[in-house]
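Atoms considered below: every heavy atom in the structure, side chains included; atoms not considered: hydrogens, waters and symmetry mates. Along the sequence shown, the residues carry numbers beginning at 1. Note that the structure is a prediction, hence the values are computed from the model and not measured. First listed ligand is number 1; within each ligand, the first listed atom is number 1.
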Amino acid sequence: MKAAIYPGSFDPVTFGHLDIIKRASSIFDELTVSVLNNTHKTSLFSVEERVKILEEATKDMPNVKVDSFSGLLIDYARKKNVHVAIRGLRAITDFEYELQIAQTNSKLSGGELDTMFLTTRLEYAYLSSSGVKEIAEFHGDISQCVPDFVAKLMYERYGHA
Ligand code: ADP
């Protein structure tokens with residue numbers, strides 16, 4: 001069985017992430033979208049909330065599982081016996097950062113963990129969770145960025161409900 005992990009913050013999941021999830025899940029037999037519990041980053045939604053949001057957003061994709069992890073991706077992947085990590089690439093600015101992480105993971109895992117990049121569809125290239133949060137904070141229109149139920153949760157969190 002071909003399996004992959006798509007790790008990230010997903011705070012919250014956007015249409016850009018969902019496009020990568022849909023495409024990766026058609027390439028692999030099983031895709032685990034896993035929320036990184038990063039204690040150095042302040043987040044809008046807790047890890048548990050982000051997992052729930054992802055579960056709801058991917059409920060029609062039967063081979064997509066949602067999970068969370070802390071610590072190193074290579075340790076988590078090894079535990080799950082998965083050898084491919086998925087990452088999305090938007091622009092050249094993502095490239096340098098992503099390349100460094102991919103090479104670090106490859107080195108640290110002794111070549112056990114490969115990273116596969118999917119390039120974003122052009123209509124989502126501008127999308128980032130942080131950008132969407134900035135718009136939502138000021139009650140702007142985020143209907144093109146995230147599913148409706150996510151927009152509602154974000155407005156609630158920013159006191160616009
Ligand atoms: P990070 O994991 O760096 O904290 P995110 O959770 O926002 O960031 O993103 C997880 C992965 O999804 C990263 O590989 C990121 O480049 C990718 N990604 C984010 N937004 C988009 C988008 N609009 N289109 C395609 N890929 C994206």
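Side chain of Ser106 to main chain of Ala102: no donor-acceptor pair is present (N/O by atom type, distance under 3.5 Å, no hydrogens or angles).
The shortest N/O to N/O separation between Thr14 and ligand 1 does not fall below 3.5 Å. Not a single N or O atom of Ala125, backbone or side chain, sits closer than 3.5 Å to an N or O atom of ligand 1. On a distance-only criterion, Pro7 and ligand 1 share no N/O pair closer than 3.5 Å.
At a 4.0 Å heavy-atom cut-off, ligand 1 touches Arg90 through the side chain alone. Counting heavy atoms closer than 4.0 Å to ligand 1, residue Leu127 contributes atoms from both its backbone and its side chain. If you look at Tyr6 next to ligand 1, the close heavy atoms, those under 4.0 Å, all belong to the side chain.
Pairing each heavy atom of Leu44 with each of Arg157, the nearest pair is O-NH1, 3.0 Å. Contact record, His17 with Tyr6: CD2-OH, 3.4 Å, taken as the closest heavy-atom pair. Across all non-hydrogen atoms, the minimal contact from Leu31 to Ala24 is CD2-CB, 3.9 Å.
Using 4.0 Å as the threshold, Phe117 has no heavy atom nearer than that to any atom of ligand 1. Ligand 1 is approached by Lys41 to a heavy-atom distance shorter than 4.0 Å.
With hydrogens left out, the protein atom closest to atom 3 (O) of ligand 1 is Arg87 NH2, 3.3 Å, a heavy atom. When hydrogens are left out, the protein atom nearest atom 24 (N) of ligand 1 is Thr120 OG1, 3.0 Å; that is the closest non-hydrogen contact. The protein non-hydrogen atom at the shortest distance from atom 4 (O) of ligand 1 is Ser9 OG, 2.5 Å. Among protein heavy atoms, atom 7 (O) of ligand 1 sits closest to His17 NE2, 3.3 Å.
With distances taken over non-hydrogen atoms, the option nearest atom 26 (N) of ligand 1 out of Cys145, Gly88, Pro12 is Gly88.
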Could you walk me through whether Tyr155 and Ile142 pass side chain to side chain contact (heavy atoms under 4.5 Å, CB included), step by step? CA-CA 10 Å; Tyr155 290 139; Ile142 50 171; 3.4 Å; yes
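Screening residues 109-119 for side-chain hydrogen bond (donor to acceptor under 3.5 Å, both in side chains), with sequence neighbours left out, gives Arg78-Glu112.
In this structure, the side chain to side chain donor-acceptor pair (under 3.5 Å) partners of Ser128, at least two apart in sequence or on a different chain, are Ser130.
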